[in-house]
Amino acid sequence: MEKKIVNNYGSFELTFVKGKNATMYTDDGKKYIDFIAGIGVNCLGHGNKALCKAISSQAKKEIHISNYYFSDVGLKFADRLLKETGFTGGYFGNSGAEANEAAIKLARKYGQLNGGEKRKTIVSLESSFHGRTLATLTMTGQDKFHPDSFAPYPEGFKTIKANDFEALKTAFDDTTCAVLMECVQGEGGVNLLNPEWAKACADAARKAGALVMADEVQTGMGRTGSLLASDWLGIEPDVVTLAKGIAGGVPMGACLFRNRAQDVFKAGDHQSTFAGNPLACAAGLVVLDSLTQKGFMESVNEKGEYIRNKIREWNIPFVTDVRGKGLMIGTELSSEVKPFEVEVKCLEKGLCTTTAGSNVVRFLPPLTISYKEIDEGLAIYKSCLEAFVK
């Protein structure tokens with residue numbers, strides 16, 4: 001495959017052919033417990049009956065139409081998503097990077113309308129991750145994502161240290177159009193924001209005349225135990241970006257807005273050929289139906305706590321921290337053990353994990369994962385960690 005498709009992902013020599021909930025199978029019949037869910041995408045697991053039925057039914061009617069027109073399912077999904085999230089307008093795209101690109105353009109236009117050409121700087125946080133396009137890479141607060149080979153990078157971005165109250169004193173001025181923060185920094189190491197700091201950051205940005213934007217590409221759609229992570233963080237963003245689990249595996253992203261950000265975009269400002277196609281919207285409706293069922297979010301929080309507590313109980317000497325929110329979980333390791341080596345060991349034994357930051361093993365399992373699958377996966381994980389105990 002690498003000879004045919006550039007291996008930008010450093011993919012493992014595994015070919016999966018089917019799955020059921022949080023269990024996947026390769027072409028040679030080997031079973032794997034899925035603690036990644038397509039990097040938080042397969043929120044309803046593999047082979048979800050309601051999702052498959054909706055996608056199949058919609059495909060028989062229409063998969064794609066031009067955005068010169070509306071689709072019935074697109075309008076229905078838009079109304080439902082806005083109602084459930086508390087936003088008043090939005091733009092559909094195809095990915096998290098596209099959603100963040102839309103947010104960048106919205107913020108820049110807002111700045112120009114409310115302060116002139118000088119108001120164009122977007123503030124993000126150190127250790128953040130916002131996408132792989134040039135603009136979203138520049139906005140990403142990790143130097144490893146800024147190689148010279150991609151230079152020159154766009155102007156108008158700066159980073160501040162998360163949870164640092166002192167940094168807020170000089171973070172914003174009349175050149176700032178927006179602040180963008182991940183409610184939990186996934187790629188950066190599953191780092192949680194201090195709610196008091198996040199609210200102080202939002203207040204300082206608003207005082208300077210800037211928009212408050214939340215990158216919920218990974219934390220949104222129930223991943224952290226509420227529909228939006230910004231709800232429990234308490235920052236009430238003007239703009240939120242979504243993707244990953246929004247359509248249960250069908251490519252989709254969204255940039256939602258309200259308040260001061262509501263009337264910024266006009267016809268022609270931002271467009272995409274495939275954005276919000278009927279197939280993706282039909283899948284998105286099933287996701288919303290599932291996430292809003294009574295007790296669903298409670299189960300996400302309970303499963304997350306169960307996993308974190310189990311790992312803590314093992315008392316593995318080189319595990320320095322177990323953190324996260326809902327089913328977004330990170331195991332921090334001391335420098336003597338490399339997370340990638342743990343990932344490889346887990347894969348050998350039938351568990352799919354991933355890494356984050358420089359020293360974290362990350363879990364993003366399907367929100368529907370069963371306790372049987374959790375226990376089976378954790379048994380593999382424990383054996384793999386113990387293999388590194390000296």
Side-chain angles (χ1 to χ4, degrees), residues 1-53 55-56 186-187 190 218 223 244-245 247-251 283 290 299-300 303-304 306-308 310-311 314 316 318-319 322 324 327-331 333 337-356 360-389:
M1 180 61 76
E2 187 172 353
K3 294 178 181 178
K4 301 175 184 177
I5 300 175
V6 175
N7 194 1
N8 285 330
Y9 305 95
S11 303
F12 294 99
E13 291 295 325
L14 285 173
T15 301
F16 287 102
V17 296
K18 63 180 180 179
K20 184 176 181 181
N21 202 24
T23 304
M24 298 191 296
Y25 299 88
T26 57
D27 53 358
D28 60 1
K30 186 175 179 180
K31 172 184 172 182
Y32 289 79
I33 301 299
D34 185 8
F35 274 16
I36 302 179
I39 314 181
V41 170
N42 302 107
C43 60
L44 302 184
H46 304 278
N48 179 276
K49 290 183 179 180
L51 189 60
C52 292
K53 181 179 179 180
I55 291 171
S56 176
E187 179 67 35
V190 193
Q218 192 168 136
R223 175 55 54 184
K244 299 292 188 186
V250 179
S290 300
S299 74
V300 171
K303 291 171 186 175
Y306 179 83
I307 293 171
R308 286 186 288 273
K310 283 289 185 182
I311 299 171
W314 300 338
I316 304 293
F318 54 81
V319 171
V322 183
L327 283 169
M328 189 173 183
I329 299 161
T331 306
L333 311 179
V337 177
K338 305 300 181 187
F340 181 71
E341 293 176 357
V342 175
E343 180 184 359
V344 171
K345 180 73 71 175
C346 287
L347 207 55
E348 290 172 355
K349 295 192 174 187
L351 175 66
C352 297
T353 66
T354 187
T355 62
V360 171
V361 177
R362 178 174 39 154
F363 296 165
L364 298 162
L367 304 183
T368 55
I369 189 170
S370 68
Y371 279 96
K372 182 177 182 293
E373 290 168 318
I374 289 173
D375 287 339
E376 193 170 345
L378 286 178
I380 297 172
Y381 189 49
K382 182 182 181 183
S383 70
C384 291
L385 291 177
E386 289 177 339
F388 290 92
V389 177

| task | Report, as yes or no, whether the 6.0 Å neighbourhood of atom CD1 on Ile39 holds more than 12 heavy atoms from other residues, nucleotides or ligands. | result | no
| query | What are the two closest heavy atoms between Ala356 and Gly186, and how far apart are they? | reply | CB-O, 3.3 Å
| query | Could you go step by step and tell me if Thr353 and Val342 meet the side-chain contact (heavy atoms from CB on, under 4.5 Å) rule? | reply | CA-CA 9 Å; Thr353 66; Val342 175; 5.7 Å; no
| request: Could you walk me through whether Phe363 and Ile311 pass side-chain contact (heavy atoms from CB on, under 4.5 Å), step by step? | output: CA-CA 12 Å; Phe363 296 165; Ile311 299 171; 3.9 Å; yes
| Which value, rounded to the nearest 0.5 Å, describes the distance between Ile33 atom CD1 and Cys352 atom SG? | 9.0 Å
| remark: Checking Glu373, Lys372, His46 against Asn21 for side-chain hydrogen bond (donor to acceptor under 3.5 Å, both in side chains), the one that qualifies is Glu373
| Nearest 0.5 Å, what's the CD1-CZ distance between Ile329 and Arg223? | 8.5 Å
| said: For the CD atom of Gln218 and the CG atom of Leu364, what is their distance to the nearest 0.5 Å? | reply: 5.0 Å
| Hey, what's the ring geometry for Phe340 with Phe12, parallel, tilted or perpendicular (30° and 60° as the breaks)? | parallel
| Point-to-point distance, once rounded to the nearest 0.5 Å, from CG of Leu51 to OG1 of Thr368 | 10.5 Å
| said: Go through it in stages, so that I can follow the logic: the residues are Trp314 and Leu378, the test is side-chain contact (heavy atoms from CB on, under 4.5 Å), and I'd like the CA-CA distance, side-chain angles, deciding distance and then a yes or no. | reply: CA-CA 11 Å; Trp314 300 338; Leu378 286 178; 4.0 Å; yes
| said: What I'd like to find out is whether the side chain of Pro339 reaches to under 4.5 Å of the side chain of Val360, using heavy atoms alone. | reply: no
| message | For the CG atom of Leu351 and the OH atom of Tyr32, what is their distance to the nearest 0.5 Å? | response | 10.5 Å
| field | Neighbour count >12 (heavy atoms, 6.0 Å) for atom NZ, Lys53 | value | no
| field | Distance, nearest 0.5 Å, that separates CD1 of Ile380 from NZ of Lys349 | value | 8.5 Å
| Which heavy atom in Pro365 sits nearest to a heavy atom in Leu327, and how many Å separate them? | CD-O, 3.6 Å
| query | Under the 3.5 angstrom rule, does the side chain of Lys345 hit a backbone N or O of Ala387 as a donor-acceptor pair? | reply | no
| query | Considering all heavy atoms of both residues, which atom of Lys303 and which atom of Ile369 are nearest to each other, and what is their separation? | reply | NZ-O, 2.7 Å
| So, do Phe318 and Val389 sit near enough that their side-chain heavy atoms are less than 4.5 Å apart? | yes
| request: Give the minimum heavy-atom separation between Val322 and Val319, together with the two atoms involved. | output: CG2-CG1, 3.9 Å
| query | Taking all atoms of both residues into account, what is the closest heavy-atom pair of Ala37 and Pro366, and its distance? | reply | CB-N, 3.6 Å
| request: Could you please spell out the steps behind the side-chain contact (heavy atoms from CB on, under 4.5 Å) verdict for Phe388 and Ile316? | output: CA-CA 9 Å; Phe388 290 92; Ile316 304 293; over 6 Å; no
| field | Which atom of Phe16 lies closest to which atom of Thr26, heavy atoms considered | value | CE2-CG2, 3.6 Å
